[in-house]
Amino acid sequence: MVRVRFAPSPTGYLHVGGARTALFNWLFARKMNGKFILRIEDTDLERSSEEFEFLILDSLRWCGLDWDEGPDIGGDHGPYRQSERNKLGIYQNYAKKLIDLKKAYYAVHDLENPKEVILKTFEWPENYFKKGHDVTIKFKVEEGETSFNDLLKGKMKFSNDIFDDLVIIKSNGFPTYNFAVVVDDYLMKITHVIRGEDHLSNTPKQIMIYQAFGWELPEFMHIPLILGRDRSPLSKRHGGTSINYFREQGYLSKALMNYLAILGWSVEEEIFDYKDKIENFSLNSISNKSVIFDYQKLEWLNGKHLRKMEIEDLFGIFHNWLLNFRKDDAFILENHNKDYIMKVMEICREKVNTLVQLLEMVKPFLIDEYEYSEEYIKSFISETRSLEILKKALDDFKDKEFKNIEDIRTLLENVAKELEIKKRVVFQIIRGALLGKLITPGLFESIKVLGKNRTIQRLKRTIEIGGSWLKNVSP
RNA sequence: GGCCCCAUAGGAUAACGGCUAGUCCAUCGGAUUCUCAGUCCGAAGGUCGGGGUUCGAUUCCCCGUGGGGCUGCCA
């Protein structure tokens, strides 16, 4: 049975790189009918926090990556938080076993200069401890070579003399990363360790520990890192990096996962729902090269997903997003029936890539006191016959029914024809009159969705307000 | 400094050792008898450098260069 894990440390938000690692683990587990385990590596007391743990789980859920065992749901190999495991004495016990095997020792550190070890012993150095010396447990690195096979990199070989003896239990009694991972991966029966390439050089250290215990090695696979535009590690400098950031910026989890999947994974068809790709997934189609995060491609992909999904699903996601991240704008959905809103969204999504952009596009349809953009006011004023255009359109709309796009087109083209003004000009003046902006969904479609009453009201409103713009600039 | 990983257009990828190095994003140009941030069409742009092996190298080997990682009582 395949068992893989994702083991974040709760010292920050979930990073896209972490999410990608989690995604590949998840995909592999699902494909192999195995288990995906979530373990929290909170052995760094200084930097770890419960809030970050909460946020990481929240982000993972948003991504749709569900786990079979974890700190919140438990499992047969718990607990799943290293701090809790430490309380049970798990790491201490295993460290003592290594001491019994003479493969690790107590290291007594100098009082003044804690980096210096003044005594190595297999017996607990109670006297020194009482006097206030730091005491750690260090793993003894033997001479020789450590090699392993990496699923992506192939055969790896390290000479042991590049490693010093490594601390496995800190003076505060907590295990270090390299020790805790080994003990936990062993106890949790992890079969495949799939993680970022930044751990490649740690692997031989961990393998030495496996070997000291006589434990069977899992498979290892180190996937390349995600970099920013300048090839330095992706950081806030390059833009947002946390899952939460992209969520807040109006990206869909499906799209973000899709992007993380194709980033360094060659596929025939680029746009997909990653949950449909479980069967096709294979570890060896993952690229072996670090990759640069391309915000533009992500946005493009997000637009594709936005346009492709069921409008009702999009409505739900949009509504939710407003409530979570744009509380001040959430009111726009009130006092409208869902049907109208969905029709609005249907035509607006054709032009946008993110929920942020969608919000801007949708807003004027849902607010009667919509604002007028400066560009519109400017072009309204510079076109001397603006008011005339709007009045003519108003008159024509009043006594005509318009049920389909063609009727609306005919009517508007007729306005232009009779006034002998270019269609483009007429349409732009009317567009802005109805929605306050010069960039909107198709004008005829917009009018159809607005309906007769709103259209007429809005024409009247702009005629009134537009009059005052003209007065203000009169010579 | 030491050890390790990586290298095809600006970014992501494709090409049993063999056609003119293919595709997606971005860029530029055109179209969409209404806007464009949407859609369609088109263009430009690449095998990091130097040595080998070979009839033939993007592909295999060596060196260099560049980028990245590790080198913590961080993970």
Side-chain angles (χ1 to χ4, degrees), chain A residues 7-12 41-44 46-48 82 107 109 114-115 134-138 150 152-154 156-159 161-164 166-178 180-181 195-205 222 224-225 227 229-233 259 262-271 285 287-301 303-304 306-307 347-354 357-358 360-361 375 409 412-413 416 422-432 435 437-446:
Chain A
S9 59
T11 55
E41 307 213 324
D42 54 351
T43 54
D44 182 347
E46 302 285 306
R47 298 195 301 146
S48 299
Q82 288 184 334
H109 297 252
K115 286 206 168 159
D134 281 350
V135 178
T136 60
I137 299 178
K138 282 193 161 195
D150 186 279
L152 199 56
K153 314 280 183 196
M156 300 291 307
K157 199 164 77 179
F158 294 82
S159 167
D161 49 311
I162 60 169
F163 301 114
D164 292 328
L166 45 123
V167 174
I168 55 175
I169 300 287
K170 307 179 208 171
S171 58
N172 67 4
F174 274 72
T176 57
Y177 164 75
N178 281 310
V181 197
R195 77 227 305 191
E197 199 177 280
D198 48 341
H199 291 297
L200 191 58
S201 307
N202 284 321
T203 308
K205 298 180 198 168
H222 291 92
L225 267 18
L227 308 176
R229 272 239 162 268
D230 56 0
R231 297 209 163 266
S232 67
Y259 179 64
I262 62 170
L263 185 58
W265 182 24
S266 57
V267 284
E268 33 340 300
E269 180 53 58
E270 281 197 309
I271 302 164
S285 56
S287 144
N288 185 15
K289 172 190 159 195
S290 44
V291 287
I292 292 176
F293 195 86
D294 186 344
Y295 289 85
Q296 283 176 313
K297 184 143 189 180
L298 169 61
E299 189 183 316
W300 169 79
L301 200 53
K304 290 287 183 190
L306 206 67
R307 264 162 252 128
I347 59 172
C348 288
R349 71 167 167 178
E350 294 305 322
K351 305 279 178 184
V352 303
N353 288 328
T354 69
Q357 296 163 5
L358 182 64
E360 283 316 300
M361 200 61 106
E375 291 74 37
R409 173 199 297 275
L412 289 177
E413 283 177 349
K422 277 192 207 136
K423 269 196 292 192
R424 184 191 156 91
V425 174
V426 171
F427 291 0
Q428 283 297 74
I429 294 298
I430 294 176
R431 181 192 309 281
L435 296 164
K437 299 195 295 190
L438 294 178
I439 296 173
T440 73
L443 183 56
F444 316 138
E445 290 81 358
S446 297

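Residue numbers begin at 1 in each chain, while the letters A, B, ... track the order of the sequences. Predicted model only: the values in this text are computed from it and were never measured.
Rounded to a whole angstrom, the distance from the P atom of B:rG18 to that of B:rU58 is 10 Å. Going from the C1' atom of B:rG68 to that of B:rC73 covers 27 Å, rounded to whole Å.
In this entry the distance linking CG of A:Asn202 with P of B:rC73 reads 12 Å, nearest Å. Per the geometry, NZ belonging to A:Lys138 stands 9 Å off C1' belonging to B:rC73, to the nearest Å.
Within the 4.0 angstrom heavy-atom criterion, no nucleotide atom of any strand lies near A:Leu412. Residue-level contact check: A:Gly442 touches the bases, meaning some heavy atom is under 4.0 Å from a base atom. Residue contacts shown for A:Pro233 are limited to sugar-phosphate atoms, with no base heavy atom under 4.0 Å away. Among the atoms of the strands shown, base atoms are found under 4.0 Å from some heavy atom of A:Thr136. Here A:Thr43 lies in heavy-atom contact (under 4.0 Å) with sugar-phosphate atoms only. Contact annotation for A:Leu438: base contact, defined as any heavy-atom pair under 4.0 Å involving a base atom.
Counted by atom type alone, A:Thr176 and A:Asn178 present zero donor-acceptor pairs between their side chains at under 3.5 Å.
With the nearest nucleotide of RNA chain B identified for both A:Leu298 and A:Ile262, A:Ile262 has the one nearer the 5' end.
Remark: side-chain polar atoms of A:Thr136 are not paired, donor with acceptor, to backbone N or O of A:Lys138 under 3.5 angstrom.
Looking at heavy atoms from C-beta onward, A:Thr203 lies out of side-chain contact with A:Phe158 at the 4.5 angstrom threshold.
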